[in-house]
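Structure first, then comments.
Quantities reported herein were computed from a predicted structural model and do not represent experimental measurements. Each ligand, and each atom within it, is numbered from 1 in the order the structure gives.
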Amino acid sequence: MDKKDKIKVAVVFGTRPEAIKMAPLVLELKNRTEIEPVTIVTAQHRQMLDQVLELFNITPDFDLNLMKPNQNLWSLTSEILLETKKIFDKIRPDIVLVHGDTTTAFGAALSAFYARIPVGHVEAGLRTFNKDYPFPEEINRVLADSVSDLHFAPTEGAIQNLLKSGINNDGGIFKTGNTVIDALLHTVKKDIDISYIGLEPNLKTILLTSHRRENFGRPLENICDAVIELINNNKDIQVVYPVHLNPNVQNTVHSKLDGVERVKLIEPLDYAPFTHLMKMAHIILTDSGGVQEEAPSLGVPVLVLRDETERPEALEYGCVKLAGTEKVKIVSLVQKLLDDNDFYDSMKQAVNPYGDGLASQRIADIIIERFK
Ligand code: UD1
Ligand code: UDP
């Protein structure tokens, strides 16, 4: 097919989770003869984005290189608007795809809307219906959904949320599954040795990740205190925490947990070893969105370090529970998982409410059908 006849699809992302979830879609779009994909990274994250680009062998067509140390929402949002405008003016895509609920997603969606370019929102329709939790992601995704023309919803629940949010069901809402499962299935089947992490094979491993803005300060301190209590009470466990590079996370976590025995604080892991670490973990404690979606298909019990979640499907299956950010509740739920085999087994079931690994194919099919 002649290049000028191809559908020009600009894919914009900037952080680690967006990269993981957009990578399989970029690869799928590249395989379609009808499509000319253009990859634009804001680099809202730098190192954590590059880890993913390398793994999936993606070289961006445009790299805005925007990340600043301890950046703020105002300057990042303004720069994303201004810099994506320049690229959209230059390449005039047929559609711009954004993902999820980050500043990159919201900023690039608004920028495309201003440029009168159709927007497709991948992972549309996630909601808590509470504008402060998660902050600012709930409002980012509401705004991205509002300006989008195509909504790629991962689940039936997400479709219902879109309708509740007043998005017209005018043929632009599709249930596709979540591309995170495409990425996970692609990655987890690789044979990866994670012995370099240095975990003790005879101890039960608790994998911890926490980075949410609303957990900065006291809640994250509580989480660390819970870890210390659990470590003191259980000589047969170890905790591994790949610490997010946000300085608000780094400072609290290192000041609380440096030097605590059987607690391993490590750098953010590449996605492939991280998926293997999830698979071998006995329990996962996390406030991450992506990890809540991935862990259920690996059959590992997950305690979510938040009071509410926009991902209720795995809660309904019972493999995920909300633990909040109070020390007492976290400690008691983890202890119950360690002591009560029936409780552990009831949470250990492998279910896959978020997708079947074919979400990227469906999205590519829909775009071709729409723009051919
Ligand atoms: C962002 C998203 C959040 C998402 C998270 C995924 C927003 C508002 N927040 O939060 O929704 O869950 O990414 O991880 O979009 N940093 C580095 N290197 C990196 C990445 C981050 O040094 O590779 C440090 C920098 O100092 C940076 C800071 O972390 O300024 C914050 O990054 P930012 O993207 O603004 O916020 P996150 O907390 O990462
Ligand atoms: N992840 C990773 N390395 C790590 C921690 C997490 O590759 O050290 C992956 C994880 O498997 C998931 C994604 O990063 O796919 C989640 O990113 P994060 O928790 O930063 O963001 P969220 O999903 O909460 O927006």
Side-chain angles (χ1 to χ4, degrees), residues 13-24 41-56 65-77 79-80 98-108 123 126 134-141 144 178-184 186-188 192 194 197 207-216 220 240-251 264-279 281 284 286-295 297-298 300 302 304-306 309-311 354:
F13 52 96
T15 64
R16 168 174 68 191
E18 294 167 87
I20 290 169
K21 292 167 165 185
M22 285 300 222
V41 298
T42 62
Q44 172 178 339
H45 285 173
R46 187 70 274 172
Q47 303 91 320
M48 286 159 60
L49 171 76
D50 291 344
Q51 287 180 324
V52 185
L53 293 174
E54 200 177 313
L55 173 70
F56 287 91
N65 200 21
L66 294 182
M67 194 193 88
K68 307 261 183 335
N70 213 2
Q71 61 209 357
N72 67 65
L73 296 173
W74 293 264
S75 58
L76 182 62
T77 305
E79 287 182 44
I80 290 169
V98 299
H99 183 280
D101 53 21
T102 63
T103 302
T104 291
F106 153 60
E123 201 181 81
L126 271 61
F135 173 87
E137 289 84 1
E138 176 74 2
I139 291 304
N140 284 346
R141 58 198 174 211
N178 197 314
T179 55
V180 76
I181 304 299
D182 308 15
L184 181 70
H186 175 270
T187 309
V188 83
I192 300 254
I194 56 168
I197 298 173
L207 169 59
L208 167 62
T209 81
S210 177
H211 73 278
R212 302 231 76 85
R213 226 161 254 261
E214 61 274 16
N215 281 351
F216 292 170
L220 189 51
V240 56
Y241 184 171
V243 187
H244 193 287
L245 295 179
N246 192 319
N248 299 291
V249 180
Q250 289 274 332
N251 294 342
K264 235 176 209 318
L265 303 181
I266 58 176
E267 295 282 299
L269 280 174
D270 286 355
Y271 185 53
F274 186 76
T275 59
H276 284 71
L277 185 55
M278 280 195 288
K279 207 163 68 165
I284 297 177
T286 192
D287 63 12
S288 161
V291 174
Q292 283 178 67
E293 293 157 344
E294 293 162 337
S297 39
L298 302 173
V300 184
V302 180
V304 177
L305 302 166
R306 296 172 53 183
T309 178
E310 59 290 275
R311 293 167 168 92
Y354 296 109

Determine, for Arg141 against Glu138, whether the closest basic-nitrogen to carboxylate-oxygen distance falls under 4.0 angstrom. yes

If hydrogens are left out, which of Gln44, His45, Arg16 has an atom nearest to atom 39 (O) of ligand 1, that is, the closest non-hydrogen atom? His45

Please state which option from Glu18, His211, Lys68, Gln71 has its nearest heavy atom closest to atom 35 (O) of ligand 1. Gln71

Is Thr209 in contact with ligand 2, taking contact as a heavy-atom separation below 4.0 Å? no

Give a yes/no verdict on whether any heavy atom in Glu18 is under 4.0 Å from an atom of ligand 2. no

Just to be sure I'm reading this right: ignoring hydrogens, which of Glu294, His211, Arg311 gets closest to atom 10 (C) of ligand 2? Compare them by their nearest heavy atoms. Glu294

Taking distance alone, with no angle check, do Thr15 and ligand 1 share an N/O pair under 3.5 Å? no

For atom 31 (C) of ligand 1, the option (of Asn72, Ile80, Asn246, Asn140) bearing the nearest heavy atom: Asn246

Using distance alone, with no hydrogens and no angle criterion, decide if Thr209 and Thr286 have a side-chain donor and acceptor under 3.5 Å apart. yes

Within the 4.5 Å heavy-atom criterion, are Ile197 and Leu269 side-chain neighbours or not? yes

What do you reckon, is CD of Glu267 surrounded by more than 12 foreign heavy atoms closer than 6.0 Å? no

Would one find an N or O of Thr103, backbone or side chain, under 3.5 Å from an N or O of ligand 1? yes

Any side-chain donor-acceptor pair under 3.5 Å between Asp182 and Thr179? no

Quick check on contacts: which atoms of ligand 1 are under 4.0 angstrom from a heavy atom of Pro136? 8 (C)

Between ligand 1 and Leu73, can you find any atom pair, the residue atom being a heavy atom, that is separated by under 4.0 Å? yes

Check the pair Thr42, Thr104 against side chain to side chain donor-acceptor pair (under 3.5 Å), reporting the backbone distance first and the verdict last. CA-CA 7 Å; Thr42 62; Thr104 291; 2.8 Å; yes

Using a 4.0 Å cutoff against the non-hydrogen atoms of Met48, which atoms of ligand 1 qualify? 19 (C), 20 (C), 23 (O)

What is the closest protein heavy atom to atom 9 (C) of ligand 2, and at what distance does it sit? Ile20 CD1, 3.6 Å

